[in-house]
Amino acid sequence: MSFSLTDLEARVAERAKAPPEQSWTAKLLAGGPPRAAKKFGEEAVELVIALTEGEEGPIVAEAADVLYHLLVGLKARDIPLAAVLQELERRTGQSGLAEKASRPR
Ligand SMILES: N=c1c2ncn([C@@H]3O[C@H](COP(=O)(O)OP(=O)(O)OP(=O)(O)O)[C@@H](O)[C@H]3O)c2ncn1[C@@H]1O[C@H](COP(=O)(O)O)[C@@H](O)[C@H]1O
């Protein structure tokens with residue numbers, strides 16, 4: 001499969017310019033960062049429930065909602081996905097446990 005989060009980010013940026021009555025993306029962004037953040041939070045809770053229950057179909061659907069709404073939240077703050085990917089790449093050099101142990105107490 002060739003579809004990537006970067007493709008979805010481009011789609012979000014394109015739809016952000018649409019009239020809000022024609023686009024969920026534009027409608028969310030018209031409400032500003034707090035509206036996008038609230039919706040992301042709702043979707044995250046729905047994913048938590050699906051992960052707890054353990055059925056693959058709902059987990060996949062809710063994870064897709066979370067990723068899409070994450071990209072809308074980033075767009076609302078004009079933060080490129082590349083910045084997040086760069087941070088993730090930076091972290092690949094160190095285990096999560098080692099990073100936690102290195103934090104000042
Ligand atoms: N991936 C998505 C995507 N995932 C979820 N959603 C929408 O997110 C909305 C909220 O989903 P919910 O299931 O939570 O619906 P709900 O609980 O009834 O929501 P509420 O109205 O109650 O807040 C729905 O309208 C979904 O269709 C998405 N809307 C858009 N995209 C992508 O964004 C592109 C542009 O979409 P538009 O901006 O609508 O043109 C699409 O082509 C897709 O690629």
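Note that the numbering runs from 1 along the sequence shown for the chain. Order of appearance sets the numbers: ligands from 1, and atoms from 1 within every ligand.
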Protein residue, atom and distance nearest to [atom], heavy-atom basis:
atom: atom 32 (C) of ligand 1; value: Y68 CE1, 3.5 Å
atom: atom 14 (O) of ligand 1; value: E43 OE2, 2.8 Å
atom: atom 9 (C) of ligand 1; value: W24 CE2, 3.2 Å
atom: atom 42 (O) of ligand 1; value: R11 NE, 3.0 Å

Taking both backbone and side-chain atoms of [X], is any N or O found less than 3.5 Å from an N or O belonging to ligand 1?
X: S23; answer: yes
X: E42; answer: no
X: T25; answer: yes

Q. Any idea which atoms of ligand 1 are less than 4.0 Å away from a heavy-atom of L8?
A.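 What qualifies from ligand 1 is 44 (O).
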Q) Any idea which atoms of ligand 1 are less than 4.0 Å away from a heavy-atom of D65? A)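 Answer for ligand 1: 4 (N), 5 (C).
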(Q) With a 4.5 Å cut-off on side-chain heavy-atom distances among I, L, V, M, F, W and Y, is there a chain of contacts connecting L47 to W24? (A)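 In one cluster: yes.
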(Q) A quick test of your reading: do over 12 heavy atoms of other residues, nucleotides or ligands sit less than 6.0 Å from CG of L88? (A)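 Buried by this count: over 12 neighbours within 6.0 Å.
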Q: Could you tell me whether K27 atom NZ has more than 12 heavy atoms of other residues or ligands within 6.0 Å of it?
A: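 12 or below, so no.
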**Q.** Heavy-atom side-chain proximity of V60 to E56 below 4.5 angstrom
**A.**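 Yes. Closest side-chain heavy atoms under 4.5 Å.
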Q.
Considering R15, E14, K39 one by one, which has a heavy atom nearer to atom 40 (O) of ligand 1 than any of the others?
A.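 Of the listed residues, R15 has the closest heavy atom.
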Q) What are the two closest heavy atoms between R105 and A101, and how far apart are they? A)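 Minimum heavy-atom separation between R105 and A101: NH2-O, 4.2 Å.
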Q: Give a yes or no on whether atom 27 (O) of ligand 1 lies under 4.0 Å from any heavy atom of the protein.
A: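 No, there is no protein heavy atom closer to it than 4.0 Å.
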Q: For atom 7 (C) of ligand 1, decide whether some protein heavy-atom distance is shorter than 4.0 Å.
A: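 Neighbour list for atom 7 (C) of ligand 1 includes protein heavy atoms (cut-off 4.0 Å).
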Q. In a check of side chain to side chain contact (heavy atoms under 4.5 Å, CB included) between Y68 and each of D65, V72, L70, V66, which one passes?
A.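 The option that passes is V72.
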Q. Any donor and acceptor pair, going by atom type alone, linking the side chain of R15 with main-chain N or O of Q22 inside 3.5 Å?
A.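 Checked: pair present.
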(Q) Using only atom types and a distance under 3.5 Å, with no angle test, would you say the side chain of S102 pairs donor to acceptor with the backbone of E99? (A)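 At least one qualifying donor-acceptor pair exists.
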